K.L.:
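Following this message is one structure expressed as structure tokens.
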Amino acid sequence: MKLCIKLVRDIRQSIGQFIAIVLVIAVGAFFYAGLITYSDNLNAYTKAYFTEHNLSDLNVYYSHISKDEVAGLSEIEGIKKIEGRYTLDATQAFEGYKALLKIHSIPMKNEINTPTMVEGRIPSKKDEILLDSHYANEHQYRVGDKIRLSSNNKDYTFIISGLCENVEYAKKNEIQDHKTFGAAYTAEVTIPEMADGFTYNEVLIDAKEDYDLDKLGKSIEAQSKQLSYLNQVSKERTFSYSKITETIHNNNLMSKVIPFVLFLIGAIILFLTMSRIIDSQRNQVGIMKALGVKNGTIMLHYMGYPLLVGIVGSIIGCSIAAIVFIPLVTASSSRAYSLPDIKFALTVYSVFPPIVFSSAFGLLSCYLSSRTVLKERAAQAMRPKPPKKVKMLLIERIPGIWSRISFSYKLIVRNILLNKQKALVSSVGVVASTVLLITAFGTHTALLKVADQVEEVYAYDLRVDYAIGASFDASKLPSGIKQKFDLSALPIEFIKDDKKEKATLTVTEKENNLIHFLDVNDNKLFLENDGVLVPKSYADKYHITEGDLIRIKFTAPEFKNKMLEMKVLHISTQYSNPSFYSTPAYLKSFDINYNPSSLLVEANSSTDLVSVRSFFEQDLQVDKITDKNDLKKSAQYILKQNSFVFLMFIICAVILSFGAIYTISSINIYERSREIATLKVLGYQKYKINRLIFFENIILTTFAVIVAIPISGYMYTIIVKALSSTHQQIPDKLNVFILLAAVILAFFLTILANLLLKRKITRINMIESLKSIE
């Protein structure tokens with residue numbers, strides 16, 4: 001009990017230092033609890049959700065396939081269940097825009113990709129439709145309302161029989177836009193009206209457990225030689241499934257790496273702290289040994305400090321994660337995915353791993369720092385610690401330099417160089433916090449640059465997309481158009497070795513100056529007739545360079561899976577909506593005719609833009625009209641989704657930096673208390689004594705910043721890779737202003753810690769410090 005009281009007294013004597021270490025542990029616990037809860041809950045929920053609603057393992061596409069032919073495919077080895085359905089795209093016109101609805105037929109005995117009913121029932125009649133609940137909420141539809149759709153120049157009117165969420169649309173698109181995209185399901189009795197006969201064009205496969213999907217896919221393709229086979233997509237390659245698994249993987253990785261680094265920094269600070277505490281209490285250790293207290297009991301007493309720090313810090317960190325992180329991540333997840341009734345809750349068990357890790361690091365540091373003192377005999381420990389031998393520094397042997405250095409700076413240089421290991425260890429916390437600051441600032445600025453690039457790259461006012469099969473007459477376009485260029489966006493599949501990736505090939509005229517192309521150094525690139533322009537996001541992932549040959553396959557039915565080898569002309573930096581670009585002339589060299597489906601328009605003035613837009617809105621052949629604001633949405637969505645994470649990073653980096661600097665400076669003051677007391681007795685001015693300690697901290701921070709900058713570049717690259725994909729490129733260069741801002745903040749925190757520690761220097765007991773070594 002007396003040792004427990006002594007522990008409390010030790011903490012009260014250096015309460016600021018105790019709080020600083022607790023905050024460092026709390027930061028690690030905060031990130032661990034928040035990220036592990038998010039990834040674990042999302043992982044557990046999606047596994048159960050995909051299993052319960054039987055997400056299809058393979059989607060196989062045909063031009064048309066009969067019910068009997070689908071039944072014939074069910075005999076293929078490896079297929080557990082099979083369902084055919086008819087899929088088509090329909091549009092719905094609203095004021096100022098059109099929405100796309102992906103309509104699927106649904107069998108009466110639906111067993112694959114089963115919907116989660118929110119309200120109502122599954123359609124059974126010809127004029128009924130089951131609507132995506134998020135799309136319905138955006139457009140204020142209710143069960144029983146009528147909905148009018150257009151597809152293939154036909155108009156349809158349905159009655160909404162129910163609202164649902166479907167497992168295959170957990171992630172709809174990059175920005176999870178429910179306003180302009182939705183899904184719907186109709187009864188099979190509707191197929192003859194939509195397809196001019198009862199036929200399917202898509203087959204859903206539920207494979208047997210642990211069966212090789214590649215082998216199954218090849219068997220289906222071989223069996224479909226006599227059928228109108230088009231393509232197949234495995235579950236892992238679908239947009240929704242791949243995005244969710246990527247998020248789970250990234251968060252799981254971050255939940256292990258970030259807390260480990262923070263706990264390691266905490267252990268280093270604890271090692272220095274425990275060394276200082278035990279060193280200052282050598283006399284008390286000696287007395288306890290003389291009174292017969294065992295070494296194990298003494299060590300357990302001192303281990304109480306890091307154990308208490310670990311428990312308090314972990315509880316505080318997890319509590320803040322439950323109050324702040326979990327609600328924010330819940331709101332973020334609801335915007336990012338359509339997962340019905342998913343909940344994120346921090347369990348009581350989440351607090352134990354941070355306690356175990358932080359305490360383990362702390363106990364180890366306590367053991368390493370106390371074992372030397374405990375090996376000493378009682379009489380030896382009760383004597384003052386003899387001063388260590390000091391060697392002449394290399395710089396002291398150069399008279400021309402050493403003699404010109406002032407006395408104060410000589411003290412600083414000697415203290416740093418004679419304690420190189422301690423100075424190095426002291427800098428670790430500052431290095432880590434500066435790396436976090438630079439990485440957080442850099443990533444946030446990069447996402448802002450993604451949003452801003454839209455203004456640089458796209459110079460058109462409107463993009464007009466025409467309906468499939470429609471053509472436009474350039475002579476009948478309205479006045480007020482300054483310049484116009486046509487283009488066509490063709491769906492393709494990029495192929496590299498055994499890897500396949502969905503992509504878009506945009507074909508437009510060589511002279512088109514309404515789209516600007518930039519290289520990695522923001523220099524302009526231009527289209528030519530002898531190659532294709534490749535997005536940097538694809539080039540980075542698949543190691544593509546200029547002059548290479550790449551393989552692409554057209555996935556639109558009219559191209560009949562035609563495969564081409566195209567020469568890489570340039571690598572283009574495209575942050576949002578990356579696309580391969582080619583000219584009609586280059587496409588013509590492969591005997592492919594160019595049929596433009598879209599028009600880029602630049603108006604003479606803002607007044608003319610209103611009339612031009614009105615003209616296209618009234619054109620029945622126009623399917624969709626977009627402007628630059630629509631393109632910004634994707635980048636702004638990513639920025640919004642990640643902004644709170646970067647804010648947390650910045651706040652935690654500030655806490656870590658301040659905690660590290662404050663603790664290390666406090667230890668430095670204690671270790672030099674005799675030197676400071678001597679200077680006080682000799683009449684050294686107070687401001688000179690303060691400068692002696694604080695200038696040394698500035699030097700250590702400077703060293704830490706110099707080390708942190710190259711490490712930050714590496715860490716930033718890792719973060720960018722985690723956020724980037726072939727469909728989204730993030731700038732991978734750190735801005736000089738970001739580095740400068742992080743460095744200034746690091747020095748500001750050092751100065752703040754110095755100011756708070758002035759009082760500690762003033763309170764040094766000169767007599768007690770001077771009599772410590774006779």
Side-chain angles (χ1 to χ4, degrees), residues 27 31 250 253-254 257-258 261-262 265 427-457 518-524 535-541 543 571-576 578 634-636 638-658 660-661 700-750:
V27 168
F31 274 109
N250 289 341
L253 183 67
M254 289 172 70
V257 174
I258 293 173
V261 172
L262 296 175
I265 294 164
S427 302
V428 171
V430 187
V431 169
S433 56
T434 307
V435 168
L436 281 176
L437 283 171
I438 292 173
T439 305
F441 282 149
T443 312
H444 189 68
T445 306
L447 291 177
L448 286 172
K449 190 176 179 181
V450 170
D452 293 340
Q453 199 202 39
V454 172
E455 297 289 341
E456 286 184 74
V457 171
L518 305 170
D519 64 10
V520 290
N521 298 316
D522 290 336
N523 298 317
K524 281 194 175 183
K536 190 176 184 295
S537 54
Y538 282 83
D540 288 344
K541 183 175 180 179
H543 310 291
I571 306 297
S572 169
T573 299
Q574 301 175 46
Y575 296 141
S576 295
S634 177
Q636 289 172 344
I638 293 174
L639 187 65
K640 187 177 181 181
Q641 284 294 96
N642 292 285
S643 59
F644 84 91
V645 176
F646 300 129
L647 183 62
M648 291 297 104
F649 261 122
I650 291 168
I651 292 171
C652 292
V654 168
I655 292 170
L656 176 64
S657 183
F658 180 78
I661 292 167
L700 290 176
T701 301
T702 305
F703 169 75
V705 164
I706 293 169
V707 174
I709 289 173
I711 297 174
S712 300
Y714 176 72
M715 284 293 296
Y716 178 71
T717 304
I718 293 173
I719 297 292
V720 164
K721 281 184 179 179
L723 288 174
S724 300
S725 67
T726 51
H727 304 286
Q728 179 71 57
Q729 181 189 340
I730 307 292
D732 56 0
K733 290 183 179 178
L734 281 170
N735 193 311
V736 176
F737 295 105
I738 295 303
L739 295 174
L740 191 62
V743 168
I744 289 171
L745 185 54
F747 279 105
F748 170 77
L749 293 170
T750 302

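This one's a predicted model, so the numbers in the text were calculated from it and none came from an experiment.
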K.L.:
Quick one: list whatever passes salt bridge (charged side-chain N to carboxylate O under 4.0 Å, His left out) with Lys541, sequence neighbours left out.
P.N.:
Glu501
K.L.:
Which atom pair, heavy atoms only, marks the closest approach of Thr434 to Ala746?
P.N.:
OG1-CB, 4.0 Å
K.L.:
To the nearest 0.5 Å, tell me how far Leu518 CG sits from Tyr575 OH.
P.N.:
8.5 Å
K.L.:
Got Lys536 and Val520 here, is their nearest side-chain heavy-atom distance under 4.5 Å?
P.N.:
yes
K.L.:
Are any non-hydrogen side-chain atoms of Val654 and Leu745 less than 4.5 angstrom apart?
P.N.:
yes
K.L.:
Nearest 0.5 Å, what's the CG-CZ distance between Leu740 and Phe441?
P.N.:
11.0 Å
K.L.:
Is any side-chain heavy atom of Leu739 closer than 4.5 Å to a side-chain heavy atom of Leu734?
P.N.:
yes
K.L.:
With rounding to the nearest 0.5 Å, note down the distance linking CD in Gln574 to OH in Tyr538.
P.N.:
10.0 Å
K.L.:
Roughly how far, to the nearest 0.5 Å, is the CD1 atom of Ile438 from the CD1 atom of Ile709?
P.N.:
5.5 Å
K.L.:
Evaluate the side-chain proximity of Pro535 to Ser572: yes if any heavy-atom separation is below 4.5 Å, no if none is.
P.N.:
no
K.L.:
Report the residues that fulfil side-chain hydrogen bond (donor to acceptor under 3.5 Å, both in side chains) with Thr750, sequence neighbours left out, ordered by chain and then residue number.
P.N.:
Thr701
K.L.:
Would you find a donor on one side and an acceptor on the other, under 3.5 Å apart, between the side chain of Thr573 and the backbone of Asp519?
P.N.:
yes
K.L.:
Taking only residues two or more places apart in sequence, or in another chain, which ones meet Asp522 in a side-chain hydrogen bond (donor to acceptor under 3.5 Å, both in side chains)?
P.N.:
none
K.L.:
If you round to the nearest 0.5 Å, how far is CD1 of Ile711 from CD1 of Ile706?
P.N.:
12.0 Å
K.L.:
Provide the closest heavy-atom pair for Val435 versus Ser712 in the form atom of the first, atom of the second, distance.
P.N.:
CA-OG, 3.4 Å
K.L.:
Run the side-chain contact (heavy atoms from CB on, under 4.5 Å) check on Thr702 and Phe747 step by step: do they pass?
P.N.:
CA-CA 8 Å; Thr702 305; Phe747 279 105; 3.4 Å; yes
K.L.:
As an exercise, state the distance from OG of Ser537 to CD1 of Ile571, rounded to the nearest 0.5 Å.
P.N.:
10.0 Å
